[in-house]
A.B. asks: 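First the structure, then my questions, so here it is.
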Amino acid sequence: MIKHLSVATSGQGLYDITTQLTAQLADVSIEEGLCTLFVQHTSASLIIQENADPAVQDDLHNWLNRLVAEHDPLYTHIDEGPDDMPAHIKSVLTATSLSIPIENHRLVLGIWQGVYLWEHRHHGGTRRIVIHFSE
Amino acid sequence: MIKHLSVATSGQGLYDITTQLTAQLADVSIEEGLCTLFVQHTSASLIIQENADPAVQDDLHNWLNRLVAEHDPLYTHIDEGPDDMPAHIKSVLTATSLSIPIENHRLVLGIWQGVYLWEHRHHGGTRRIVIHFSE
Amino acid sequence: MIKHLSVATSGQGLYDITTQLTAQLADVSIEEGLCTLFVQHTSASLIIQENADPAVQDDLHNWLNRLVAEHDPLYTHIDEGPDDMPAHIKSVLTATSLSIPIENHRLVLGIWQGVYLWEHRHHGGTRRIVIHFSE
């Protein structure tokens, strides 16, 4: 079963989509199976991370921004802005697809795990995620 | 359903396999489902990236080559050539498996997304990808 | 079908779980399908790597430890120890989920590929992996 999720982002950073994902799962009612997420962009990505301390998300974001700097003289793809090529690199270093098993009608997320869309562009936008549920 | 794909590479870089993958999907005729790719190597990997401007692929390649340098004195696994240990690291930083949902008989790739095999060895070779299609 | 795997780790490093995974597959007896692993932690991750030369695993570990250093002044999430924030970053740069097709009752791993849990904390612990098998 295929579902769609739209995430409106207002700039770089991690957006928790766990609640929306859980709602989609409630809707399809699968006792045991697999949930696969796919983000239809190459300048935003998916990760699973700690949802307890927001400082973790800030540190992740700042660390990756330092590793993949803007205005790197190496870049030749610069027409779409200084944050575009870094966004593609960050997308490659994280994930475009993620799979989470379903058990007892629930995603088997660990106690501190949340599912995040990571927006890598400054201007943000509407990000589309396709979700596949199977039994 | 399992399918196999062989990609002949002639050296480091990104090889667009979207057309071959689409042909495999046409062959199995699935209206709605999931396509999972798995590369049977640890010195080549899989990514989804922008297919519009070839400069993106060059920049990705050059950026990762700078991050994961050859002849790093840290390496002890050096018997298979200066590009072998960097290839393993690059494989870990990108992806060995990727999943793409199928909707209306099509991979739900975004408008600018292509599927790539990333060859990390200078000499290249024949790279084997196993594809699993499910409904 | 859902299975569970517990991996006891005694500190940072790569733990080969290929044998346990193969045993789980033998138990479910699937001729053709997909095996998806999911680690229920954000300070440990999953990778597929070369299982021939143990030096590859040492180099991977040392390289990533240098890239993602402890005591980086950038970190603000420091309450859980100097290895905690690096562990979250390493988890993001590697993988939380992995999928491996099954063909002829076997995981289609390449000849040199092993499946590893990567422990990123010094103290280690009991790491839980959920495995989904489908036909």
Side-chain angles (χ1 to χ4, degrees), chain A residues 14 18 30-38 45-68 89-118 120 132-135, chain C residues 1-6 28 33-47 64 66-82 84-100 120-121 125-135:
Chain A
L14 292 156
T18 316
I30 288 173
E31 187 179 344
E32 195 174 289
L34 190 67
C35 167
T36 299
L37 294 90
F38 179 86
S45 52
L46 299 168
I47 63 161
I48 289 183
Q49 258 307 309
E50 182 182 307
N51 59 9
D53 180 3
V56 169
Q57 295 149 46
D58 293 340
D59 289 359
L60 276 175
H61 175 69
N62 292 329
W63 188 91
L64 196 61
N65 269 355
R66 188 182 61 192
L67 182 74
V68 192
I89 296 171
K90 291 166 181 177
S91 148
V92 160
L93 296 177
T94 53
T96 297
S97 69
L98 272 183
S99 292
I100 311 167
I102 300 161
E103 193 176 23
N104 300 324
H105 293 284
R106 292 187 184 183
L107 298 170
V108 297
L109 293 168
I111 191 161
W112 306 117
Q113 285 183 317
V115 186
Y116 295 87
L117 174 90
W118 199 335
H120 302 303
H132 178 260
F133 290 106
S134 67
E135 282 180 285
Chain C
M1 202 168 316
I2 298 280
K3 299 287 244 172
H4 297 266
L5 196 60
S6 271
V28 298
L34 189 67
C35 167
T36 300
L37 294 91
F38 180 86
V39 62
Q40 294 183 296
H41 306 273
T42 60
S43 55
S45 53
L46 298 168
I47 63 161
L64 196 60
R66 188 181 62 190
L67 182 73
V68 191
E70 296 190 7
H71 304 289
D72 188 320
L74 179 146
Y75 305 143
T76 60
H77 173 77
I78 52 177
D79 290 353
E80 297 179 51
D84 191 58
M85 195 57 224
H88 293 309
I89 296 171
K90 291 167 181 176
S91 147
V92 160
L93 295 177
T94 53
T96 297
S97 70
L98 272 184
S99 292
I100 311 166
H120 301 302
R121 298 300 306 264
T126 301
R127 300 308 200 160
R128 296 178 310 276
I129 298 167
V130 182
I131 308 167
H132 178 260
F133 290 106
S134 67
E135 282 179 286

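Below, chains carry the letters A, B, ... as their sequence lines are ordered, and counting in each starts from 1. These values consider heavy atoms only, across backbone and side chains, with no hydrogens, waters or symmetry-generated copies.
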A.B. asks: Select one option (side chain, backbone, both, neither) describing which atoms of A:Asp53 are under 4.5 Å from chain C's heavy atoms.
C.D. replies: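 A:Asp53 touches chain C through side-chain heavy atoms alone.
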
A.B. asks: Just so I know, are the side chains of A:Leu98 and C:Phe38 near enough to count as touching, which here means a heavy-atom distance under 4.5 Å?
C.D. replies: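 No - every pair of side-chain heavy atoms lies 4.5 Å or more apart.
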
A.B. asks: Which heavy atom of A:Ala55 sits nearest a heavy atom of C:Thr76, and at what distance?
C.D. replies: CB-OG1, 3.5 Å

A.B. asks: Taking side chain as everything from C-beta outward and backbone as N, CA, C, O, which of these in A:Ile47 sits under 4.5 Å from a heavy atom of chain C? Side chain, backbone, both or neither.
C.D. replies: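 Contact with chain C: side chain only.
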
A.B. asks: What are the two closest non-hydrogen atoms of C:Thr36 and A:Ser99, and how far apart are they?
C.D. replies: CG2-CB, 3.7 Å

A.B. asks: Which heavy atom of C:Asp84 sits nearest to which heavy atom of A:Glu50, and what is that distance?
C.D. replies: OD2-OE1, 4.4 Å

A.B. asks: Over all heavy atoms of both residues, which pair between A:Gly33 and C:His132 is shortest? Give the atoms and the distance, please.
C.D. replies: O-CD2, 3.3 Å

A.B. asks: Taking every heavy-atom pair that is under 4.5 Å apart, which of C:Ile89, C:Leu93, C:Val130, C:Thr96 has the most such pairs with chain A?
C.D. replies: C:Ile89

A.B. asks: Provide the closest heavy-atom pair for A:Leu67 versus C:Leu67 in the form atom of the first, atom of the second, distance.
C.D. replies: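 Closest approach of A:Leu67 to C:Leu67, heavy atoms only: CD1-CD1, 3.7 Å.
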
A.B. asks: Distance from A:Leu60 atom CG to C:Tyr75 atom OH, nearest 0.5 Å?
C.D. replies: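 Reported to 0.5 Å precision, the distance equals 9.5 Å.
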
A.B. asks: Quiz question: by atom type and distance under 3.5 Å, do the side chains of A:Asp59 and C:His77 form a donor-acceptor pair?
C.D. replies: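 Short answer, no.
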
A.B. asks: Sort out for me which of C:Val92, C:Asp79, C:Leu34, C:Val39 touches chain A most, counting heavy-atom pairs under 4.5 Å.
C.D. replies: C:Val92

A.B. asks: Roughly how far apart are A:Gln113 CD and C:Thr42 OG1, rounded to 0.5 Å?
C.D. replies: 6.5 Å

A.B. asks: Would a 4.5 Å heavy-atom cut-off, applied to side chains only, mark A:Trp63 and C:His88 as touching?
C.D. replies: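 No, side chains not in contact.
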
A.B. asks: I'd like to check C:Gln40 versus A:Ile111 (side-chain heavy atoms, cut-off strictly below 4.5 Å). Are they in contact?
C.D. replies: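 In short, these two side chains do not touch, never coming nearer than 4.5 Å.
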
A.B. asks: Would you say that C:His4 contacts A:Val108 through its side chain, given a criterion of any heavy-atom pair below 4.5 Å between the two side chains?
C.D. replies: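 Counting from C-beta outward, C:His4 and A:Val108 never come under 4.5 Å.
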
A.B. asks: As an exercise: rank A:Asn62, A:Thr94, A:Val56 by heavy-atom pairs under 4.5 Å with chain C and give me the winner.
C.D. replies: A:Val56

